[in-house]
Amino acid sequence: MWRNIIARNVIIHCLTQFFINRPLQNKFAWSIVAKIPVYYSEIEQLWAKGVFMSNVQFGNMSCLSRKFIGKIQTAESVRISVKTDIREVLSVGVDSAVNSYESSQGEVSFYGKTNIKFLYSDGTTVLSSGYSADFTASMTSELLDTDSKLTFDVVTVDSKVDINANTAMLTILLEVTAYAYVSDSVPYMLGSDEVFCKTDGVEILQSCNIVNLPIVIDEELNATRNITTVLVAESNLCATDYTVMSGVLRIAGDASVRLTYVSEGKIVTDTLPFSFERELDATGIDADSQLRLSLTVKNTKVRLDISENEVNTAFTVEITANARIEATKIGVIDVVNDAYGSNCDFLLERRSLTTTLPCGSTTERKRISASLPLDTDKTVLTAVNVGAVVTNCQSMEQRALIEGVVYATLLYATDVGTESEQLELPFSETVEVDYLMPQCQSFADVAVMDFAVKDNGGLQAEMELCIDIVSERNVTFSVVVSAEEQPFDKSQLPAIEVCLAHKGETLWQLAKGLHMSEEDLLATNPEITNPLEQDARIVIFNKI
């Protein structure tokens with residue numbers, strides 16, 4: 001306590017000398033000197049509130065967490081007009097993605113595009129057409145602000161068609177799910193040379209950069225038969241490797257193109273796989289970032305290489321996709337979780353923070369089959385607009401359970417022409433994931449790389465799925481945001497003490513209770529184990 005009194009008098013003395021030594025014409029200086037008793041009283045009050053403590057220092061900590069913002073459904077209407085009357089709509093394929101967004105305090109507005117593959121019959125011929133439409137919607141959340149960084153996933157929930165002559169009115173129901181990286185900042189205790197602190201190294205998500213990069217994959221391919229008319233072109237992408245170096249994102253993976261076309265009056269589908277490798281401008285993404293990649297196909301176009309008087313099998317496919325990169329950085333920061341002084345204790349105020357850390361990720365290919373609920377006497381032509389949606393992704397010990405539905409439109413021939421039937425084939429697969437724990441949250445994307453219908457005594461769908469899994473966990477920890485000094489008079493303690501310590505007590509607990517350093521405690525009691533294996537008598541030499 002005597003040190004506190006001296007420190008206060010030194011502050012008052014310095015203030016007085018500072019202003020008295022100024023020239024006499026400095027009226028402001030003399031007015032301050034006249035008020036020194038008032039300032040002295042205010043300093044006394046600040047001291048009583050614990051402002052002038054044992055040089056305890058505080059810094060500022062910021063960490064990120066990835067949080068669910070919301071899920072909404074939005075409908076869009078598209079008017080489709082063709083040259084001939086539409087007798088029957090056979091299939092509607094929908095690819096949708098959010099292209100941009102604007103975030104403000106408590107709200108985000110986003111804008112996207114839908115590409116539509118429309119397959120229909122005029123009564124004698126199967127025809128197709130492609131359309132695009134824009135959509136916009138918004139979400140509200142108290143977590144959002146102008147600097148929020150968000151990701152969006154779009155799924156087609158339903159589509160309906162009303163026909164009138166050569167016009168179809170298509171209503172599409174989309175489900176949009178949004179996540180955002182949310183920052184939380186608090187002051188936290190750093191400690192000082194005069195205070196004994198117990199610290200833990202805590203992993204936190206320190207930064208995140210989300211970049212959406214357009215990617216175009218073009219490839220020259222050959223169909224198995226002569227191409228008369230292209231009906232539907234579909235594609236799927238499966239990334240197998242991706243890295244960032246010197247501002248360049250390198251992506252390698254597999255692509256699969258399903259081309260449905262008319263050849264000599266028959267409907268044929270070829271599945272044509274190939275590998276790809278692309279380099280994209282990734283300026284702003286550091287090479288030491290942890291990457292989370294998501295590839296979304298936006299559109300698939302086909303250009304025929306037609307040669308007169310020859311069989312036309314060659315074509316060029318152009319796949320337009322979006323590569324979403326979530327580049328994060330993990331850091332370790334020393335956090336004080338307890339503190340005391342040689343002549344004081346502290347009343348510590350704590351606050352909990354949550355940060356998001358990676359668990360594990362993997363990409364795996366699975367071949368599965370499913371029986372088709374279709375009469376075997378129907379002549380199956382092909383399946384178009386094939387895709388998959390994940391309905392559940394459950395984390396377990398070093399593996400994840402993925403459940404979902406593969407959907408497709410099955411075309412088959414009847415006496416009156418070509419008809420269609422919608423297929424929904426549920427699947428459930430387990431994938432091994434290193435470092436995965438049950439408390440982690442896993443997210444999965446599934447791309448259908450191959451889909452074929454075979455008659456093996458019954459109609460079977462043979463499928464190859466590319467399952468991409470990313471897992472994360474939310475970790476909550478506490479930090480000391482303020483410390484109120486609670487001094488005591490150590491001069492009343494005897495010079496030598498003998499204390500009884502109990503089995504299980506740690507060296508930190510003993511030193512804190514005695515208000516001395518762990519080193520001084522061990523110096524006089526070198527036989528102490530941490531924690532104590534049995535009750536023990538401890539000798540203390542108090543510095544008075």
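Just the heavy atoms: all of them, side chains too, but no hydrogens, waters or symmetry mates, feed the values below.
- Of all non-hydrogen atoms in P187 and V479, the two that sit nearest each other are O-CG2, 4.4 Å.
- Checking N115 against S132 by side-chain atom types alone, no donor-acceptor pair falls below 3.5 Å.
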Run D218 and R278 through salt bridge (charged side-chain N to carboxylate O under 4.0 Å, His left out) and show every step you take. CA-CA 10 Å; D218 46 13; R278 291 294 184 276; 3.4 Å; yes
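- Salt bridge absent: K512 and D345 never bring a charged side-chain N and a carboxylate O closer than 4.0 Å.
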List the steps, then state whether side-chain contact (heavy atoms from CB on, under 4.5 Å) holds for S371 with Q460. CA-CA 5 Å; S371 299; Q460 294 277 327; 2.9 Å; yes
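- Taking all atoms of both residues into account, the shortest heavy-atom contact from C197 to W508 is C-CH2, 3.5 Å.
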Apply side-chain contact (heavy atoms from CB on, under 4.5 Å) to the pair Y407 and T156, showing each step before the final yes or no. CA-CA 11 Å; Y407 57 85; T156 303; over 6 Å; no
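- T320 is not listed as a side-chain neighbour of P214, based on a closest heavy-atom distance of 4.5 Å or more.
- The number of heavy atoms from other shown groups lying within 6.0 Å of CE (M245) does not exceed 12.
- Side-chain contact between F58 and V56 is present, with heavy atoms from C-beta onward closer than 4.5 Å.
- Under the 6.0 Å distance and 45° angle rule, R66 counts as a cation-pi partner of F443.
- Using a 4.0 Å cut-off between charged side-chain N and carboxylate O, R367 and E462 make no salt bridge.
- The CD atom of E219 sits 10.5 Å away from the CG atom of L272 when rounded to the nearest 0.5 Å.
- Note that OG1 of T74 and CD1 of I172 are 11.0 Å apart. Values are rounded to the nearest 0.5 Å.
- Considering all non-hydrogen atoms of both residues, A383 and T269 come closest at O-OG1, 4.3 Å.
- Side chain to side chain, D520 and S517 meet the donor-acceptor criterion of an N or O pair below 3.5 Å.
- With values rounded to the nearest 0.5 angstrom, N209 atom CG is found 5.0 Å from K149 atom NZ.
- Heavy-atom neighbours of Q439 CD from other residues, nucleotides or ligands within 6.0 Å: above the threshold of 12.
- At a threshold of 4.0 Å, the pair K503-D535 does not count as salt-bridged, since none of the basic side-chain nitrogens sits closer than that to a carboxylate oxygen.
- Side-chain polar atoms of T354 and T476 form a donor-acceptor pair below 3.5 angstrom.
- Residues S183 and S62 have side chains that never bring a donor and an acceptor to within less than 3.5 angstrom of each other.
- Considering all non-hydrogen atoms of both residues, S148 and L144 come closest at OG-CA, 3.4 Å.
- Distance check: S103 OG to L150 CG gives 5.5 Å after rounding to the nearest 0.5 Å.
- Here the CG-CG distance, from L221 to D270, works out to 10.0 Å after rounding to the nearest 0.5 Å.
- One finds a salt bridge joining R351 and D184 here, because a Lys/Arg side-chain nitrogen approaches an Asp/Glu carboxylate oxygen to under 4.0 Å.
- In this structure, E234 does not pair ionically with K117, as no charged nitrogen and carboxylate oxygen lie closer than 4.0 Å.
- For the pair C499 and I540, the minimum side-chain heavy-atom distance is below 4.5 Å.
- Annotation for E142: atom CD does not count as buried by contact number, only 12 or fewer foreign heavy atoms lying within 6.0 Å.
- Among the candidates N99, T114, D95, the single residue satisfying the side chain to side chain donor-acceptor pair (under 3.5 Å) test with K298 is N99.
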Criterion side-chain contact (heavy atoms from CB on, under 4.5 Å) on L436 and S442, from CA distance to verdict: CA-CA 9 Å; L436 187 59; S442 294; 3.6 Å; yes
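- Using a 4.5 Å heavy-atom threshold, the side chains of I116 and V92 count as touching.
- F427 and V405 make their closest contact through CE2-N, 3.3 Å (heavy atoms, listed as atom of the first residue, atom of the second, distance).
- Contact of the E484 side chain with the F346 side chain is not registered, since no non-hydrogen atoms from C-beta on lie closer than 4.5 Å.
- A side-chain N or O of T409 and one of Q422 form a donor-acceptor pair less than 3.5 Å apart.
- Using a 4.0 Å cut-off between a side-chain N of Lys or Arg and a carboxylate O of Asp or Glu, E326 and R324 qualify as a salt bridge.
- Across every non-hydrogen atom of V448 and V386, the tightest pair is CG1-CG1, 3.7 Å.
- Residues Q441 and S471 bring no donor and acceptor atom of their side chains to less than 3.5 Å of each other.
- The environment of CD in E220 is sparse: at most 12 heavy-atom neighbours from other residues, nucleotides or ligands sit within 6.0 Å.
- Here the side chains of N474 and T355 are not in contact, with every heavy-atom distance at 4.5 Å or above.
- Side-chain contact between R365 and C466 is present, with at least one heavy-atom pair separated by less than 4.5 Å.
- Atom CG of L507 sits about 5.0 Å away from atom CG of N530, to the nearest 0.5 Å.
- The aromatic rings of H515 and Y340 lie perpendicular to each other, with more than 60° between the two planes, well past the 30° mark.
- Around the OH atom of Y435, the shell of radius 6.0 Å holds no more than 12 heavy atoms that belong to other residues, nucleotides or ligands.
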Derivation and outcome, side-chain contact (heavy atoms from CB on, under 4.5 Å), residues Y181 and T356: CA-CA 9 Å; Y181 286 87; T356 302; 5.9 Å; no
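- Residues V475 and E203 fail the side-chain proximity criterion, which asks for heavy atoms closer than 4.5 Å.
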